[in-house]
Amino acid sequence: QVQLVESGGGLVQAGGSLRLSCAASGRTFSRYHMGWFRQAPGKERDFVAAISRSGISTEYEDSVKGRFTISRDNAKNTVYLQMNSLKPEDTAVYYCAADTRWVGATPDYDYWGQGTQVTVSS
């Protein structure tokens with residue numbers, strides 16, 4: 001079992017940057033593939049990015065390609081989401097998720113964090 005805690009959200013102007021972090025408990029973080037999802041008010045939770053347990057493989061939703069980068073540091077039990085060139089439509093609660101299976105863009109992860117709010121002003 002793993003517990004996930006997101007941080008790094010906040011208010012930023014359009015064109016700005018934020019880096020989200022997701023800290024995982026336990027000593028088996030490297031067993032988990034990790035994902036980032038987001039949910040805007042009144043909308044479903046959508047896939048943003050995923051990274052394999054080794055960090056070699058990544059996957060991105062089309063609208064964030066070239067702007068967002070997912071990475072991980074297994075020594076620090078942390079996964080990151082670097083978000084550049086932010087747009088108002090990126091405003092959402094961002095969640096990290098973990099699973100020992102590779103589920104990629106599907107929301108079938110076993111473990112979820114509580115989320116961190118990202119607000120992008122125009």
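The shown structure was predicted, so the numbers you read here are calculated from the model rather than taken from an experiment.
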- Query: Is there a side-chain contact between Gln114 and Tyr95, using heavy atoms and a 4.5 Å cut-off?
  - Reply: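 No - every pair of side-chain heavy atoms lies 4.5 Å or more apart.
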
- Query: Looking at side-chain heavy atoms only, is the closest gap between Tyr60 and Thr69 below 4.5 Å?
  - Reply: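 The answer is yes, as the side chains (C-beta and beyond) meet within the 4.5 Å cut-off.
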
- Message: Minimum heavy-atom separation for His33 and Arg53, please, with both atom names.
- Response: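 Looks like ND1-N, 3.0 Å.
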
- Item | Heavy-atom closest pair, residues Asn74 and Ser30 |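 What the structure gives for the nearest pair is ND2-CB, 3.7 Å.
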
Quick one: pull up [atom1] in [X] and [atom2] in [Y] and give me the separation to the nearest 0.5 Å.
X     : Y      : atom1 : atom2 : result
Leu20 : Met83  : CG    : CE    : 3.5 Å
Leu86 : Ser121 : CG    : OG    : 10.0 Å
Arg72 : Ile56  : CZ    : CD1   : 11.0 Å

Should [X] and [Y] be counted in the same cluster of Ile, Leu, Val, Met, Phe, Trp and Tyr side chains packed under 4.5 Å apart?
X      : Y     : value
Tyr80  : Val12 : no
Met34  : Val2  : yes
Leu18  : Val93 : no
Val118 : Phe68 : yes
Ile70  : Leu4  : yes

Only distances under 3.5 Å count here; give the side-chain donor-acceptor pairs of residues 105-113 to other protein atoms, sequence neighbours excluded, each with its distance to 0.1 Å.
| from | atom 1 | to | atom 2 | distance (Å) |
| --- | --- | --- | --- | --- |
| Thr106 | OG1 | Val103 | O | 2.8 |
| Tyr109 | OH | Gly104 | O | 2.6 |
| Trp112 | NE1 | Tyr109 | O | 3.1 |

- Item | Other ILVMFWY residues reachable from Leu11 by side-chain steps of under 4.5 Å |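 Besides Leu11, the hydrophobic cluster comprises nothing; the residue is isolated.
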
- Message: Suppose the criterion is side chain to side chain donor-acceptor pair (under 3.5 Å): which pairs have a residue in residues 6-17, not counting sequence neighbours?
- Response: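 Only Ser17-Asn84 qualify under side chain to side chain donor-acceptor pair (under 3.5 Å).
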
- Partner of Val79 under side-chain contact (heavy atoms from CB on, under 4.5 Å), chosen from Cys22, Ser71, Ser21: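 The passing option is Cys22.
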
- Quick one: do Glu59 and Trp102 satisfy side-chain contact (heavy atoms from CB on, under 4.5 Å)? Show the steps, please. CA-CA 11 Å; Glu59 185 176 346; Trp102 176 256; 3.5 Å; yes

- List for me each residue that meets side chain to side chain donor-acceptor pair (under 3.5 Å) alongside Arg67, sequence neighbours excluded, and say none if there are none.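 Arg67: side chain to side chain donor-acceptor pair (under 3.5 Å) contacts with Asp90.
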
- Residue list, side chain to side chain donor-acceptor pair (under 3.5 Å) with Asn77, at least two apart or on another chain: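 Testing Asn77 for side chain to side chain donor-acceptor pair (under 3.5 Å), a comparison that skips the adjacent residues, returns none.
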
- Would you say the side-chain atoms of Gln39 pair up with the backbone N or O of Lys43, donor to acceptor, closer than 3.5 Å?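 Pair found, side chain donor or acceptor close to backbone of Lys43.
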
- Task: Would you confirm whether Thr91, through its side chain, and Val120, through its main-chain N or O, come within 3.5 Å as a donor-acceptor pair?
- Result: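 Present.
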
- Message: Tell me if the CD atom of Glu89 is crowded by more than 12 foreign heavy atoms within 6.0 Å.
- Response: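 More than 12 within 6.0 Å, yes.
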
- With sequence neighbours excluded, residues passing ring-ring contact (aromatic ring centres under 6.0 Å, His included) with Phe47: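 Once residues adjacent in sequence are excluded, the partners of Phe47 under the ring-ring contact (aromatic ring centres under 6.0 Å, His included) criterion are Phe37.
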
- Task: Could you please spell out the steps behind the side chain to side chain donor-acceptor pair (under 3.5 Å) verdict for Arg38 and Tyr94?
- Result: CA-CA 4 Å; Arg38 63 186 179 186; Tyr94 283 71; 2.9 Å; yes

